Undergrad: 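This is the structure I want to talk about, given as structure tokens.
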Amino acid sequence: MVFPMKFLVVSVLVAAIGFVSSSSAAPARVSGVGGFLLEKGFTRVPLKRYRNHSQARVILNGQHMDLVVDTGADMTVITPGAMQSLGLKVTEHKGDTYGAMSRVSRSRQAGDVQDFRVGDYQAGVTPVSSIGSFVGGGKNGRTTEGLLGIDFLNKHQGVIDCFRQELYLKAPNAPSASAALSGGLRAGGCKEIQIVPTNQGLLVPITLNGHAGWLVIDTGAPYTLVDEAAVRGHGMSRASTRGLGMSDVGGESRRVDMAYFKELLIGAFSVPPQGIGVADIRQGAAPKMHGGKPVFGYLGQELLGFYAGVIDCRSLKLYLRLDPAIEAERKRSQS
């Protein structure tokens with residue numbers, strides 16, 4: 001299947017307040033997942049934030065690179081220059097790849113990295129792809145050298161702590177911790193939302209001002225973005241952001257405004273009223289329809305961070321929780 005791939009370049013403040021992890025009865029309550037996952041044999045990979053993207057430091061056949069951890073990308077992608085410098089034996093694959101606003105390419109090159117490491121985690125042989133028009137390279141002042149996609153994250157049992165900016169990985173054949181993680185997070189007050197894999201991406205069900213639809217869960221998007229045509233008539237007030245914009249992997253750019261909702265449910269989790277990005281993204285991979293309901297756009301880093309998002313990439317589940325301290329800081333930062 002082909003998921004949409006994009007790279008949005010905008011900076012958004014995410015609050016930096018810690019929250020306390022606790023564990024006691026069965027199932028253990030889990031707020032911060034770090035200690036729990038380490039006990040289950042995962043390797044912790046600290047992420048660094050750049051322009052509100054979460055980047056992992058990786059080593060590919062001895063070469064250091066920074067890759068955005070991107071659940072919106074169906075495959076792990078590196079720049080053409082990085083592919084060339086690695087000297088991989090590549091094959092050509094036909095098929096369209098889309099950015100947020102346009103078709104990026106009709107083909108890609110693919111090869112295997114023999115020694116692929118993410119932080120202290122050794123993944124071994126790993127397939128990577130390169131798209132000729134990918135403009136997100138980390139050299140010469142640009143922001144990333146590639147995308148660590150859902151193919152890798154799912155295979156290596158990835159768990160993303162979107163608030164603490166941590167990625168946890170575990171060998172593909174190791175016992176799964178998803179059931180214990182689910183029980184602990186729900187006992188700790190998190191809402192569990194099932195993620196639905198489709199040919200448009202990994203979707204989560206939402207209700208926006210009373211209208212049912214979907215968002216692509218996308219850790220590669222720095223903020224939540226909806227298509228202006230898809231939400232027209234949904235009772236959302238709109239305000240200019242004075243020139244705020246975005247661009248995708250193919251270099252296409254759009255102006256972004258803010259749209260303010262009164263009600264947003266992600267699964268059963270209620271998001272407090274606030275503004276999200278709105279732009280014309282009809283020419284990209286979204287929005288379309290799934291199950292008779294529209295795909296409004298992308299669920300990005302700022303909401304995932306504000307609401308202590310944890311993504312289990314193996315079981316395809318999202319966990320969200322309202323923390324009063326984080327919410328108070330969010331309101332202060334946006335006032």
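Every value quoted in this text rests on a predicted model; they were computed, and no experiment measured them.
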Undergrad: Would you check, one step at a time, whether the test side-chain contact (heavy atoms from CB on, under 4.5 Å) holds for Arg44 with Tyr121?
TA: CA-CA 8 Å; Arg44 174 182 175 271; Tyr121 179 78; over 6 Å; no

Undergrad: So which atom in Ser129 and which in Arg108 form the shortest heavy-atom distance, rounded to 0.1 Å?
TA: OG-NH1, 2.6 Å

Undergrad: Check whether any side-chain heavy atom of Val196 sits under 4.5 Å from a side-chain heavy atom of Leu202, and report yes or no.
TA: no

Undergrad: With sequence neighbours excluded, what pairs up with Arg238 under the salt bridge (Lys or Arg N to Asp or Glu O under 4.0 Å) test?
TA: Glu228, Asp257

Undergrad: Any side-chain heavy atom of Leu320 sitting closer than 4.5 Å to one from Leu318?
TA: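 Yes - at least one pair of side-chain heavy atoms lies under 4.5 Å apart.
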
Undergrad: For Met258, what are the other residues in its hydrophobic cluster, where any two members join if their side-chain heavy atoms are less than 4.5 angstrom apart?
TA: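 Tyr260, which link up through side-chain heavy atoms under 4.5 Å apart, make up the rest of the cluster.
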
Undergrad: Arg330 and Gln274: side-chain contact (heavy atoms from CB on, under 4.5 Å), yes or no, with the steps?
TA: CA-CA 10 Å; Arg330 178 190 72 81; Gln274 59 193 275; 3.5 Å; yes

Undergrad: CZ/Phe296 to CG/Leu203 distance, rounded to the nearest 0.5 angstrom?
TA: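 These two atoms lie 12.0 Å from each other.
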
Undergrad: Name all residues meeting the side-chain hydrogen bond (donor to acceptor under 3.5 Å, both in side chains) criterion together with Thr126; count only those two or more places apart in sequence or in a different chain, and write none if there are none.
TA: none

Undergrad: Please say which of Leu60, Leu86, Asn61 ends up in a side-chain contact (heavy atoms from CB on, under 4.5 Å) with Gln114.
TA: Asn61

Undergrad: Would you give the length of the straight line joining atom CD1 of Ile78 to atom CE of Met65, rounded to the nearest 0.5 angstrom?
TA: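 So the CD1 of Ile78 and the CE of Met65 are separated by 5.0 Å.
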
Undergrad: Any donor and acceptor pair, going by atom type alone, linking the side chain of Thr198 with main-chain N or O of Gly201 inside 3.5 Å?
TA: yes

Undergrad: Can you find a side-chain donor-acceptor pair between Thr224 and Glu302 that sits under 3.5 Å?
TA: yes

Undergrad: Under a 4.5 Å cut-off applied to non-hydrogen side-chain atoms, are Gln194 and Leu316 in contact?
TA: yes

Undergrad: Would you indicate whether the side-chain heavy atoms of Tyr168 and Val45 approach each other to under 4.5 Å?
TA: no

Undergrad: More than 12 heavy atoms of other residues, nucleotides or ligands under 6.0 Å from NZ of Lys170: is that the case?
TA: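 Yes - once you tally the heavy atoms of other residues, nucleotides and ligands closer than 6.0 Å, there are more than 12.
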
Undergrad: Mind checking whether Ile59 and Val69 sit in one hydrophobic cluster, side chains of I, L, V, M, F, W, Y counted as touching below 4.5 Å?
TA: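 Looking at the clustering, Val69 is in a separate group from Ile59.
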
Undergrad: State, yes or no, whether a side-chain contact exists between Pro205 and Ile193 at a heavy-atom distance under 4.5 Å.
TA: yes

Undergrad: I need the minimum non-hydrogen distance between Leu169 and Gly158, along with the two atoms involved.
TA: CD2-CA, 3.8 Å

Undergrad: Can you tell if the side chain of Tyr298 reaches within under 4.5 Å of the side chain of Ile281, non-hydrogen atoms only?
TA: yes

Undergrad: Would Val231 and Leu208 count as a side-chain contact (heavy atoms from CB on, under 4.5 Å) here? Give the steps.
TA: CA-CA 8 Å; Val231 300; Leu208 180 63; 3.7 Å; yes

Undergrad: Hey, what do you get for CD1 (Ile217) to CD1 (Ile206), rounding to the nearest 0.5 Å?
TA: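 So the CD1 of Ile217 and the CD1 of Ile206 are separated by 12.5 Å.
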
Undergrad: Tell me which donor-acceptor pairs under 3.5 Å the side chains of residues 147-155 have, and how far apart each pair is, sequence neighbours excluded?
TA:
residue : atom : partner : partner atom : Å
Asp151  : OD1  : Thr76   : N            : 3.2
Asp151  : OD1  : Thr76   : OG1          : 3.1
Asp151  : OD2  : Thr76   : N            : 3.3
Asn154  : ND2  : Cys313  : O            : 2.8

Undergrad: Answer yes when Asp66 and Lys48 have at least one side-chain N-carboxylate O distance shorter than 4.0 Å, and no when they do not.
TA: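 Salt bridge between Asp66 and Lys48, a charged N being under 4.0 Å from a carboxylate O: yes.
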
Undergrad: Enter the distance from Leu225:CG to Asp218:CG here, rounded to the nearest 0.5 Å.
TA: 10.0 Å

Undergrad: With ring centroids as reference points, do Phe261 and His234 lie under 6.0 angstrom apart?
TA: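 When the ring centroids of Phe261 and His234 are compared, they turn out to be at least 6.0 Å apart.
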
Undergrad: Okay, side chain of Ser270, backbone of Leu265: is any donor-acceptor separation there less than 3.5 Å?
TA: no

Undergrad: Which residues pass the ring pair (Phe, Tyr, Trp, His ring centres under 6.0 Å) test with His290, not counting sequence neighbours?
TA: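 By the ring pair (Phe, Tyr, Trp, His ring centres under 6.0 Å) rule, His290 matches Trp214.
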
Undergrad: Among residues at least two apart in sequence or on other chains, which ones pass salt bridge (Lys or Arg N to Asp or Glu O under 4.0 Å) with Lys317?
TA: Glu192

Undergrad: Restricting to non-hydrogen atoms, name the atom on Phe42 and the atom on Ala177 that form the minimum distance, rounded to 0.1 Å.
TA: CE1-CB, 3.8 Å

Undergrad: Can you see which heavy atom on Val271 is nearest to which on Leu303, and at what distance?
TA: CG1-CD2, 4.3 Å

Undergrad: Given the rule in the side-chain contact (heavy atoms from CB on, under 4.5 Å) test, do Gln301 and Ser54 qualify, once you have shown the distances and angles that lead to the verdict?
TA: CA-CA 8 Å; Gln301 280 280 16; Ser54 299; 2.8 Å; yes

Undergrad: Could you tell me which non-hydrogen atom of Cys190 sits nearest to which non-hydrogen atom of Arg321, and how far apart they are?
TA: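 Between these two residues, the closest heavy atoms are SG-CB, 3.8 Å.
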
Undergrad: Which pair of heavy atoms, one from Val216 and one from Gln200, lies closest together, and at what distance?
TA: CG2-O, 3.9 Å

Undergrad: Can you measure from CD (Gln63) to CD (Glu145) and round to the nearest 0.5 angstrom?
TA: 9.0 Å

Undergrad: Under a 3.5 Å cutoff, is there a donor and acceptor pairing between the side chains of Tyr307 and Glu327?
TA: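 The criterion, which ignores hydrogens and geometry beyond distance, is satisfied for Glu327 and Tyr307.
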
Undergrad: Out of curiosity, Asn209 CG to Leu264 CG, how far, rounded to the nearest 0.5 Å?
TA: 8.5 Å

Undergrad: Is it the case that the side chains of Ser178 and Asp312 hold a donor-acceptor pair, with the cut-off being a distance below 3.5 Å and no angle test?
TA: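 The criterion, which ignores hydrogens and geometry beyond distance, is satisfied for Ser178 and Asp312.
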
Undergrad: Answer whether the closest heavy-atom distance between the side chains of Leu167 and Val159 falls below 4.5 Å.
TA: no

Undergrad: Is any side-chain heavy atom of Ile195 closer than 4.5 Å to a side-chain heavy atom of Ser315?
TA: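 Sidechains of Ser315 and Ile195: no contact.
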
